[in-house]
Amino acid sequence: MEPTPAFALANPPPGSQAIQRAILVLRSIARSHEDGIGLSVLCQQTKLNKSTVHRLTATLISEGLVEQNEDTRRYYLGTECYSLGLIAADRFRLRNVVDEPVRLLARESGDAAFFSVRQGTHALCLLREDGNYPLRSHVLRAGDRHPLGVGGGSLAMLSEMDDEWINDYLDRGLEEIHRLYPSYTREILETLVQESRARGYAVNRGLVLTGSWGFGVSIRDIDGQIIGAYSIATVESRMTADREALLYRLLRKQADALEKYLREPHKNTKHRNFSS
């Protein structure tokens, strides 16, 4: 049985508010890693006031986790984040294994392809590769983190959990999920889980971003734990029954290959702790 959810969405321990706010700021800055992010947008995304954001960013800058361009005043992730990322990357060796399959999925589908890992009650997008179709979905980028059930790959992971785990997860986290993603209700999530189980793969029909569909297939490690998912995002106008079947075949092929790889005795010691 899967472990009890370690709910990031549940009531935080006393004294942790400042830490949570700092992490919220870091994640917002990370989502704008290419162009940086200004103060007003950072406040809007985090729903924190300017004085709070000023205080948090000043502390993060002093620790090297954030940098600010002197000319544009836009914020970027700092070099200390890079250093910590290099250390953390050792735990995510799986990225090197899935890099080529994600590129192949993008090339064969023409759409955006992803690999996400499970982090407790969330899904973290490790890789994104765009296909050659000119209309692209921008619903998910590398580094984005969603509650399980939100999006194609994330839904594929949630659907593989047992009913007791899912009920506990929804009991504790549904209010926060609905606040961040208003289209998601308990009834909708439970229906999506049942549909995914019956179908054998997950489908998100524009619930995160209107017009953007996502398809996902989960991955289990050698111990049978859900560790991640491959997914493909496409625009609704491309979708037909035949194309849906094609996307599933592409995802299933890569998922089967990865699970076979993880079952090989001489390799599985590298990939045993991805379902924490």
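Starting from 1, each residue takes its place in the sequence as its number.
Judged as a ring-ring contact (aromatic ring centres under 6.0 Å, His included), and not counting sequence neighbours, Phe215 has no contacts. Contacts of Tyr75 classified as ring-ring contact (aromatic ring centres under 6.0 Å, His included), with partners at least two apart in sequence or in another chain: none. Remark: Asp163 engages Arg197 in a salt bridge (charged side-chain N to carboxylate O under 4.0 Å, His left out) (not counting sequence neighbours). Arg252 pairs by the salt bridge (charged side-chain N to carboxylate O under 4.0 Å, His left out) definition with Asp256, not counting sequence neighbours. By the salt bridge (charged side-chain N to carboxylate O under 4.0 Å, His left out) test, Arg179 is found to be paired with Glu176, residues two or more places apart in sequence or in another chain being considered. Taking Tyr76 as the reference, nothing meets the ring-ring contact (aromatic ring centres under 6.0 Å, His included) condition, with sequence neighbours excluded. Taking Ala106 as the reference, Ala113, Glu129 meet the side-chain contact (heavy atoms from CB on, under 4.5 Å) condition, with sequence neighbours excluded. Residues passing the side-chain hydrogen bond (donor to acceptor under 3.5 Å, both in side chains) test with Glu190 are Arg186, sequence neighbours excluded. In this view, Arg107 and Glu100 satisfy the salt bridge (charged side-chain N to carboxylate O under 4.0 Å, His left out) rule, not counting sequence neighbours. Residues passing the side-chain hydrogen bond (donor to acceptor under 3.5 Å, both in side chains) test with Asp99, sequence neighbours excluded: Arg103.
Asn49 and Ser51 share a donor-acceptor pair across their side chains, judged by distance under 3.5 Å alone.
Residue pairs that meet the salt bridge (Lys or Arg N to Asp or Glu O under 4.0 Å) test with at least one member in residues 48-68, sequence neighbours left out, do not exist here. Among residue pairs with one or both ends in residues 227-241, those qualifying as salt bridge (Lys or Arg N to Asp or Glu O under 4.0 Å) are Asp111-Arg238; sequence neighbours excluded.
Residues Leu26 and Leu60 share a closest heavy-atom pair of CG-CD1, 4.1 Å.
Leu104 and Leu251 are members of different hydrophobic clusters when ILVMFWY side chains are connected at heavy-atom separations under 4.5 Å.
Remark: Glu175 CD is loosely packed, at most 12 non-hydrogen atoms of other residues, nucleotides or ligands lying under 6.0 Å away.
Between the OG1 atom of Thr240 and the CG atom of Leu246 there is a distance of 9.0 Å, given to the nearest 0.5 Å.
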